[in-house]
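Some notes on the structure that comes next.
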Amino acid sequence: MKRIQCPADLAINGAQPAFSEPLHVGRPNIGDQKRFLDLTSQILDNRWLTNNGPMVRDLESRIASLLGVKHCIAMCNGTVALEIAIRALGLEGEVIVPSYTFIATAHALHWQAITPVFADIDPFTHNLDPEAVRRMITPRTTGIIGVHLWGRAAPIDELQAIADEHGLKLMFDAAHAFGSTYKGQTIGRFGACEVLSFHATKAFNTMEGGAVVTNDDELAEAIQLMRNFGFKGYDNVIHPGTNGKMIEVCAAMGLVNLESFDEVMAGNKRTHRAYRDALRGVNGVTVLEYPENEANSHHYVVIEVDGDLAASRDRIISALQAENVLARRYFWPGCHRMKPYRDLYPHAGLMLSSTEHLSDRVIVLPAGPSISWDEVTQIGDIIRTLCGPSLDTL
Ligand code: T4K
C-alpha cells in the first residue's frame, strides 16, 4: 500500500500532534453549573439522597411530558433499565436484536438467560432490516428489541407489523434517541416500552442514568416495583425486584441539562453540517445523514469509509489518534463477534453480511460541546489528506 504523507504521518513519526488536547467522542454536555451546584446543596440540605426522591420525581414528570408518554421510570443506568423492561415484559427463550449496537443491548438479554438472536441491518439506515428479522423467527422467539441507532428511528411500523403477525412483544432500545422523532412523533411512545440511556456520553445526560418510558399502566407499575426490590410500601414485597433506582444528584443533573437540551441539539446540528462541508468531495468517505423531516440530536457524527481505499478505516483512525483526534470504531466488530456471543454462535456472521460490512467501515468522529468549527475543518483536512479528493472533484 502506498504510504500517504500527511500531517497524521508527521505526528506518528514523533512531531507535535495537530491538537494539543485530545478531542473526544462522547464529551458530556453540562448545562448551568451554578444551578446544578444549587440543586446539589438543596439535596444535601434535604438529606434525601435516593429512593424516589423529589428531584427524581420531578425529572420523571418533565421527561414524560416532553416525550408525550404517560410513564417515565428513571433508573440508575440504561442497561439496568433494559434488563428490567425485558423482565417486566416477560421475554424469554429467544429475542431478536441487531448485532450492530452497543453490547448492552445483547447483554441485557444474555444476563437473564435469554438468547439474543442477531438479525442483520439495512446498510443505509444502520437499523434492523425487517426482512432479516422475519428470517430469524423460530418457535422459541418471544420478542424483538429494535434499536434507534444514532438516534434515527428503527423501522417501527414494519417491526410492529411483524410482532403482531407472530404474537411477539416489541420494545425499543432508545439509548441514542432522546429528542428524536418517528413520523413526527417523539420517540418514547412506541412498542410496549422504550428504554433511554442518560449516560454521561449521551446528548442528554444525568451522569449515569436511564429510564423506561411507556403508555402501559400495568407494565409501568411492574417496572416501578422491580426497580425498588418489589416493595409496595414498607415491609411488603409483592414482586421480585432489584435495585435500579436513580439517585437525586443524577436527577439534579438531568433537570439542569433538560433546560439546555434545545441548545445542545441546535449546536450538534451545526457541527454535523460543518463536518458535511469539511468532508465534501473526500475520496471514499460518506457522512451518515439523518432524515431532514425528523428530529435527531445529531449527537453522533458517523462516517463510512470505502473498503477499497488505500487509507483503510483503521489506518485513518490511527492517523487521527496520532493527531489527538480520538475517533472511535462504534460498533466494531458487532456483538456477534464479541467473545461471549462468538463462543455461543460461531456461525452467526453468515446471516449478518451488512453488519460485518458496515462495522469494518464506520468511524465516529468527535462532536458535541468540545468541538469548534475550526477543529472540524482541521479534522476534515487530515482525512482529506489521507484519502485524497474524489475523482469527480478533480
Ligand atoms: N444501548 C445502546 C444502544 C447504547 O449505546 C448504550 C450505551 C446502552 C444501551 C447502555 O446504556 P448505559 O447503561 O450506558 O446507560 C460508551 C458509554 O459508556 C455507553 O453508555 C454508550 N452506550 C456507548 C455507546 O459509549 P464506551 O465503552 O465507549 O465508553 P468510554 O469510557 O470509552 O467513553 C467514550 C468517550 O466518552 C471517550 O472518548 C471519553 C468520553 N468521556 C466519557 C465519560 C464517561 C468523557 O469525555 N467524559 C466522561 O465522563 O461506552
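Counting from 1, the numbers follow the sequence of the chain as shown. We count ligands from 1, going down the list as the structure has it; atoms in each ligand are counted the same way. No hydrogens, no waters, no symmetry mates; every other heavy atom, side chains included, goes into these values.
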Contacts for ligand 1, heavy atom under 4.0 Å, by chain and number, are H24, V25, G26, R27, P28, N77, G78, T79, T101, F102, A104, T105, D173, A175, H176, S197, H199, A200, T201, K202, G209, R328, Y330, F331

Residue set satisfying side chain to side chain contact (heavy atoms under 4.5 Å, CB included) with S372, at least two apart, ordered chain then number -> D374, E375

ask   = If you count the non-hydrogen atoms of other residues, nucleotides and ligands that lie under 6.0 Å from CD in E158, is the total more than 12?
value = yes

Note: with side-chain heavy atoms under 4.5 Å as the link, the other cluster members for V237 come out as F229, F231

Check your understanding: Between K245 and N52, does any side-chain donor sit less than 3.5 Å from a side-chain acceptor?
Key -> no

### Query
Could R276 and E289 be called an ion pair, given the rule that one side-chain N must be under 4.0 Å from one carboxylate O?
yes

Contacts of T142 meeting side chain to side chain contact (heavy atoms under 4.5 Å, CB included) (sequence neighbours excluded), chain-then-number -> L91, E92, V95

